[in-house]
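A short worksheet on the structure shown next.
Order of the sequence lines sets the chain letters (A, B, ...), proteins ahead of strands, with each chain counted from 1.
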Amino acid sequence: MTLRTAAAALALILGIGGAAAQQKLTISVYGISQDSYRKHLYAPFEAQCGCKLVVEVGNSSERLAKLEARKDNPEVDMAVLTDFNALEAAQKGLIDKIDVSKLSNYDKLYDFARDPIGSNYAVGYTFYSTGIIYRTDKVKISSWKDLWKPELKNRLALPNITTSQGPTLLFMVDRSLGGTTPDFAAAINHIGASRKDVVNFYERSAQLTQLFQQDEIWAAVTGRFNWPLVRKLNMPIAWASLSDGESGGMNVMALVKGSKNKELALKFMDYWLSAEVQSKIAADLVDSPANRDAKVSPEAAESLTYGADMAKAIKFLPPQTVIDNRVAWLNGWNEKIAR
Amino acid sequence: MTDRSRAALLIAPAALFIVAGFLLPVGVLLMGGFRDGAGAWSLARYVEFFATPLHVETLWRTLRLGALVTIASAIIGYAAALAIVDSSPSSRGRYIGLFILPMMISPVARTYAWVVLLGRTGLVNVLVLKLGLSDEPLRILFTETAVFLGLVQLFLPLMVLSLVSALENLPPDVTAAARLLGASWLDVFLKVILPLTREGLAVGGVLVFTGAITAYITPAVLGGSKVLMLETLLFQRVSVANDVVTASVIAMLLIVMSYAANALLRRVASVRKA
């Protein structure tokens, strides 16, 4: 406490306290594409509200841990997280319900984005599909089972369990094998048995493009957000149209419990959800819009997860299933695949 | 003001910084590993950790790779350092610059370079195929060998620089004297150079070993899920399972391993010649 008082006194002496006259909104977001957000979202919002945005960045689980650590004295007003991290935050009492009547853009959202974790604890602002990309000159892929074709022996890359795509991969492979248990034992056993034929379980987008570029792989499971990077390679690579559908993920906005700027936070969320802002951020190929009215060029749409049809085809992994089973998935993965 | 209090005053800012900014938070974090579910002191987390065969396997792999990387760096490092110290002052600067240069490049970029070299169509496999050593490209990427190579490249400069400064302090006449008295080059190295430079070897060894067991990017990119090391296991526990407690157990193990390596190598270095 004394330390904090001292710090406050120091801030006053140095004149930092002067900024307090202007209202401040602290947001906790992903670190990627900050220049695009700054241009299309932060700067215009600051101009509109006459307030100052303080931006804290990091990946979702890391920022969730921070919210938990500062539970009693939150610094953040509003956070964007993965859907399952948001559900976890709700269960730990870190976030508040959102009064959706205050969001003018709420009715324009796709149905699945309106209340993704229940009880209005979050609203989805972007989503993506997870599918398969492949070399059209080497192999033909039309279902999740095609990953195990003999042509793809030593030519396949799969996402690591540490990435957001890991659980989604297990989900879709499990379904395609007729798996019945939420521990995805069927998928884990199958991938484990074929692990020597998988070139790599990759962690970063850059690895994926490099593996295609160097002819190491002919197919990979990936999120749609990596597709623009791979398309740029100018190789005969296509996004597979899968008879058994695609999975995907969603990012959501949440109000931090104990925030003193709830009204402002809601205004910011509403602005972010507007067709105008969502269209601009989508045009930069950053986030696929969750607002149905957002419009993007056909060229941009090809790189995004865009449109009602694509949205409808996605089978989302229920957030509660992720929370309940992720330790089992990780242990199974390490037991069968990582050795 | 006495000398003593002046010294205390001068050292206070640095000490305060290290205690408040490093020791305290790290201490708090590590404590978590010594509590059971109910918050009482216990070693249960450690027992749990070692009860999982995969964890023990990962610990061994980390130790093994750390030791192999250190030994390989020492062997290559001595050869390079001896040559550098023997060269003219102007080329010495150039050689040292060559070794420092990669340290200025991000480990990410350096690691990705190995993907180019070791890949199916990479330099190594082109040579293997041309020389007829194998009918098809070897799978080197994403194996323990790839992680080993990446780590040696990453930390070899630290060893070379430590050995160069140790060798520079070696009186130039001792090797000549040993040769004159009939010692073979091997004898000169083992009985003269090695004992006189082992402090440099110890410093370099600690830097390389600690760096190798705590590196994240190289094992993650060159090994991935297939070559799990303690550091990548730690990241897994936090990012997937949100399990900070096991992560703090792993962090503690890494700290203990680093200190043990330090103590061991210092002991070796300080043994007086019989």
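- When each of K226(B), R237(B), R61(B) is scored by its heavy-atom pairs under 4.5 Å with chain A, the top score falls to K226(B).
- For chain B, the nearby parts of I161(A) are the backbone and the side chain; heavy atoms of each come within less than 4.5 Å.
- If you take CD on E203(A) and OG1 on T163(A), they are separated by 7.5 Å, rounding to the nearest 0.5 Å.
- With a 4.5 angstrom heavy-atom cutoff, N154(A) touches chain B via backbone and side-chain atoms both.
- The choice from L228(B), T121(B), T52(B), V115(B) that makes the most heavy-atom pairs within less than 4.5 Å of chain A is V115(B).
- Counting heavy atoms of neighbouring residues, nucleotides and ligands inside a 6.0 Å radius, atom CH2 of W41(B) exceeds 12 of them.
- Heavy-atom distances place no part of W329(A) under 4.5 Å from chain B, backbone and side chain included.
- At a 4.5 Å heavy-atom cutoff, the contact between Q207(A) and chain B is made by backbone and side-chain atoms alike.
- Across N334(A), V327(A), N160(A), the residue that shares the most heavy-atom pairs under 4.5 angstrom with chain B is N334(A).
- Using bins of under 30°, 30° to 60° and over 60° for the plane-to-plane angle, the ring pair F184(A)/F171(A) lands in the tilted bin.
- Per-residue counts of heavy-atom pairs under 4.5 Å with chain A were compared for T232(B), V221(B), V238(B); the largest is that of V221(B).
- Aromatic ring pairs are classed by plane angle as parallel below 30°, tilted from 30° to 60° and perpendicular above 60°; the pair H55(B) and F49(B) is parallel.
- Rounded to the nearest 0.5 angstrom, L123(B) CG and L127(B) CG are separated by 5.0 Å.
- The interface of residues 60-72 of chain A with chain B, defined by heavy-atom distances below 4.5 Å, comprises S61(A), L64(A).
- Atom CE of M252(B) is separated from atom CG of L29(B) by 11.0 Å, given to the nearest 0.5 angstrom.
- Between R64(B) and E57(B), none of the side-chain N atoms (NZ, or NE/NH1/NH2) sits under 4.0 Å from a carboxylate O, so this pair counts as no salt bridge.
- Salt bridge K92(A)/E88(A): present, at least one basic N to carboxylate O contact under 4.0 Å.
- For a residue to count as touching a neighbouring chain, one of its non-hydrogen atoms must lie under 4.5 Å from one of that chain's; by this rule Q210(A) touches chain B with the side chain only.
- For R195(A), the part lying under 4.5 angstrom from a heavy atom of chain B is the backbone only.
- G249(A) approaches F316(A) most closely through the heavy-atom pair O-CE2, 3.6 Å.
- Using a 4.5 Å cut-off between heavy atoms, I217(B) touches chain A through its side chain atoms alone.
- R231(A) contributes atom CZ, which lies 15.0 Å from atom OG1 of T209(A) (distance to the nearest 0.5 angstrom).
- Both the backbone and the side chain of V199(A) come within less than 4.5 Å of a heavy atom in chain B.
- From Y202(A), atom OH reaches atom OG1 of T222(A) across 3.5 Å, with rounding to the nearest 0.5 Å.
- Neither the backbone nor the side chain of I323(A) comes within contact range of chain B, judged by heavy atoms closer than 4.5 Å.
- In this structure, the ring of Y46(B) has its center less than 6.0 angstrom from the ring center of F34(B).
- With a 4.5 Å cut-off on non-hydrogen atoms, V244(B) does not touch chain A at all.
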Step-by-step side-chain hydrogen bond (donor to acceptor under 3.5 Å, both in side chains) determination, T130(A) to S247(A):
CA-CA 5 Å; T130(A) 299; S247(A) 184; 5.5 Å; no

